[in-house]
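In this text, all values refer to a predicted model and were calculated from it rather than measured experimentally.
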Amino acid sequence: MNPQDLPIRDIKPLLPIPDISIYFFIAIVSIAIVVFIAVLIFIWKWWQKHKSSDPRIEWLRELDRMDYSNSKKVAYIMTKYGRLLAEDKRREEILKQLIPRLEKYKYKKDVPPLDDETKRYIKLFIEMSHDAL
């Protein structure tokens, strides 16, 4: 058979091939963004939990949270954190005047309630500590 005698068949048009790769790409990018945000949130929470904060602020918060109805506990807390917070002359002087006043509320089973003068010294010391920080 001669090649010229062969019947010519028409060339058919290209068939459309469904292309869903764009959907795969969008899905992968979306998952990557969600994972990235989750990692950032985890790192942020971990950093907030473990960041080094100024211990003086924590001591001052303890003094702010004192319950003045429990005079024995106030005396111990004020003595402990007062010594740590007394960093300048004024606070040291107030603490030197305050500690003898607090001695009568320590080392006893039953203690009287705090007198007004002692409360004023305590509040003055706390206020001065707030101003210093």
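Closest heavy-atom contact between Leu63 and Leu85: CD1-CD1, 3.5 Å. Residues Tyr107 and Lys72 approach most closely at N-CE, 4.5 Å, considering heavy atoms. Shortest non-hydrogen contact noted between Ser21 and Asp19 is OG-OD1, 2.9 Å. Of all heavy-atom pairs between Val111 and Tyr105, the closest is CG1-O, 3.3 Å. Residues Tyr68 and Val74 share a closest heavy-atom pair of CA-CG2, 3.9 Å.
A heavy-atom distance below 4.5 Å is found between the side chains of Leu84 and Tyr81. When side chains are defined from C-beta on, Ile77 does not count as touching Arg65, because their heavy atoms never get closer than 4.5 Å. Counting only heavy atoms from C-beta outward, the side chains of Leu102 and Ile122 approach each other to under 4.5 Å.
Annotation: side-chain contact (heavy atoms from CB on, under 4.5 Å) contacts of Arg101 (sequence neighbours excluded): Asp115, Glu117, Thr118, Tyr121. By the side-chain hydrogen bond (donor to acceptor under 3.5 Å, both in side chains) test, Trp44 is found to be paired with no residue, residues two or more places apart in sequence or in another chain being considered. Phe42 pairs by the side-chain contact (heavy atoms from CB on, under 4.5 Å) definition with nothing, not counting sequence neighbours. Scored by the side-chain hydrogen bond (donor to acceptor under 3.5 Å, both in side chains) test, Asp64 finds His130 as partners (sequence neighbours excluded).
For residues 121-131, the set of pairs meeting the salt bridge (Lys or Arg N to Asp or Glu O under 4.0 Å) definition, not counting sequence neighbours, is empty.
By the 4.0 Å N-to-carboxylate-O rule, Lys89 lies too far from Glu92 to be salt-bridged with it. Under the 4.0 Å criterion applied to side-chain N and carboxylate O atoms, Glu58 and Arg61 are assigned as salt-bridge partners. We find that Glu87 and Arg56 are joined by a salt bridge, their nearest charged nitrogen and carboxylate oxygen being less than 4.0 Å apart.
At a threshold of 4.5 Å between side-chain heavy atoms, the hydrophobic network of Ile, Leu, Val, Met, Phe, Trp and Tyr places Ile94 and Leu114 in one connected group. No chain of hydrophobic side-chain contacts below 4.5 Å, direct or via other Ile, Leu, Val, Met, Phe, Trp or Tyr residues, connects Tyr76 to Ile99. No single ILVMFWY cluster, assembled from side-chain heavy atoms under 4.5 Å apart, contains both Val34 and Val39.
Side-chain N or O atoms of Arg91 include none that pairs as donor or acceptor with a backbone N or O of Met128 at under 3.5 Å.
Counting non-hydrogen atoms of other residues, nucleotides and ligands closer than 6.0 Å to NZ of Lys106 gives a total above 12.
Met78 CE to Ser71 OG: the interatomic distance, rounded to the nearest 0.5 Å, is 14.5 Å. Here the CD1-CD distance, from Ile43 to Gln48, works out to 13.0 Å after rounding to the nearest 0.5 Å. For the atom pair OG (Ser129) and CD1 (Ile57), the distance works out to 12.0 Å, reported to the nearest 0.5 Å. Taking CD of Glu93 as the start and CG of Asp88 as the end, the distance is 9.0 Å to the nearest 0.5 Å.
Phe25 forms part of a hydrophobic cluster together with Val29, Ile33, Ile37, Ile41, judged by ILVMFWY side-chain heavy-atom separations under 4.5 Å.
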